[in-house]
Amino acid sequence: HHFGNVLHLPDASLAVFFFAGFYRKKALLGFLLGLAALIDFIAIKNGTPAACISPAYLFLIPTYAALWFAGKTAVSFEIRNAINFVKSIGLLVLSTTVAFVISNVSFYLFSGNFGDLVWTDYIINIKQYYLPYLVSTLIYGSIGLTIAQLLKTIPALLSKLKTF
C-alpha cells in the first residue's frame with residue numbers, strides 16, 4: 001500500500017533503498033530493483049491492477065537509485081550530533097522529492113494514461129500525493145537513522161559500564 005491505512009503500513013520501499021545505499025554495493029541496488037520487480041509481478045499475477053505497468057515502469061530504476069545514492073552519501077555523516085542528523089534527513093527529503101518527480105513525470109509522459117491532460121492539470125492532480133509520499137518515507141527514515149545511531153552508541157555505552 002503506497003500510503004497505508006488502518007490495516008496496512010505505508011510502503012517502505014523508498015526508505016529501504018535509502019538504507020541500502022549505506023552499504024555502497026551496486027549489487028545490492030540491482031538485487032533490490034529485481035526484488036521490487038518480482039514483488040510487482042507476483043502482486044499483479046494475484047489480482048493487483050496492472051495500471052502502473054507501462055514504459056514508464058523503467059523509470060523506477062532512477063527513482064529508486066536516487067534514494068540509494070542519497071543513502072550512500074548520508075552514511076558518510078556521523079550521526080552523533082543534531083547537525084549531521086538534519087543533513088541526513090535533508091538528503092532523504094531531497095532524494096524523496098527527486099524520486100517523486102522522476103516517477104510522476106515519467107508516468108505522465110510514458111504511461112499513455114493521460115492523453116490530452118495538460119501539465120498544469122496533471123500537477124494539480126498529483127500534488128495531493130507528494131506529502132504522504134514524503135512523510136511515510138521520512139517516518140521510516142527517521143526511525144532507521146535513530147536505530148542506526150543507537151546501534152553505534154550501544155557498544156560505547158557498554159564499554160563505559162564495564163569501567164565502573
**Report entry** Parallel, tilted or perpendicular: rings of Trp119 and Tyr108 (30°, 60°)
**Finding:** tilted

Which value, rounded to the nearest 0.5 Å, describes the distance between [X] atom [atom1] and [Y] atom [atom2]?
X: Tyr130; Y: Thr97; atom1: OH; atom2: OG1; value: 2.5 Å
X: Thr146; Y: Leu151; atom1: OG1; atom2: CG; value: 11.0 Å
X: Leu28; Y: Leu32; atom1: CG; atom2: CG; value: 4.5 Å

Closest non-hydrogen atom pair between [X] and [Y], with its separation:
X: Leu92; Y: Gly141; result: CD2-CA, 3.6 Å
X: Lys25; Y: Trp68; result: O-CZ2, 3.5 Å
X: Ser88; Y: Phe77; result: OG-CD1, 3.4 Å
X: Ser54; Y: Ser111; result: OG-CA, 3.4 Å
X: Leu67; Y: Ser95; result: CD1-OG, 3.3 Å

Kindly work out whether a path of hydrophobic side-chain contacts (I/L/V/M/F/W/Y, heavy atoms less than 4.5 Å apart) joins [X] to [Y].
X: Leu29; Y: Leu58; value: no
X: Phe31; Y: Leu60; value: yes
X: Ile147; Y: Tyr23; value: no
X: Ile139; Y: Phe17; value: no
X: Leu94; Y: Val86; value: no

Requested in this report: Under the ring pair (Phe, Tyr, Trp, His ring centres under 6.0 Å) rule, what do Phe22 and Phe18 come out as? Steps first, then yes or no, please.
Outcome: CA-CA 7 Å; Phe22 281 27; Phe18 177 76; 5.6 Å; yes

**Report entry** Flag, side chain of Tyr140 to backbone of Leu14, donor-acceptor distance under 3.5 Å
**Finding:**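 No; zero donor-acceptor contacts below 3.5 Å.
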
State, yes or no, whether a side-chain contact exists between [X] and [Y] at a heavy-atom distance under 4.5 Å.
X: Ser142; Y: Ile89; answer: yes
X: Gln149; Y: Phe85; answer: no
X: Ser103; Y: Tyr133; answer: yes
X: Asn104; Y: Tyr122; answer: yes
X: Val75; Y: Phe19; answer: no
X: Phe100; Y: Ile126; answer: yes

**Report entry** Arg24 and Ser76: CA distance, side-chain angles, deciding distance, side chain to side chain contact (heavy atoms under 4.5 Å, CB included) verdict
**Finding:** CA-CA 11 Å; Arg24 299 179 178 188; Ser76 66; 3.8 Å; yes

List, one per line, each side-chain donor-acceptor pair under 3.5 Å for residues 33-49, sequence neighbours excluded.
{"unit_1": "Asp40", "atom_1": "OD2", "unit_2": "Tyr57", "atom_2": "OH", "d": "2.5"}
{"unit_1": "Asn46", "atom_1": "ND2", "unit_2": "Ile42", "atom_2": "O", "d": "2.9"}
{"unit_1": "Thr48", "atom_1": "OG1", "unit_2": "Ala43", "atom_2": "O", "d": "3.1"}

Requested in this report: Pick out which of Leu134, Leu91, Thr63, Val101 makes a side-chain contact (heavy atoms from CB on, under 4.5 Å) with Thr96.
Outcome: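 So the option named by the test is Leu134.
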
Query - Chi angles and distances behind the side chain to side chain contact (heavy atoms under 4.5 Å, CB included) call for Ser13, Tyr64 - result: CA-CA 8 Å; Ser13 58; Tyr64 288 136; 3.5 Å; yes

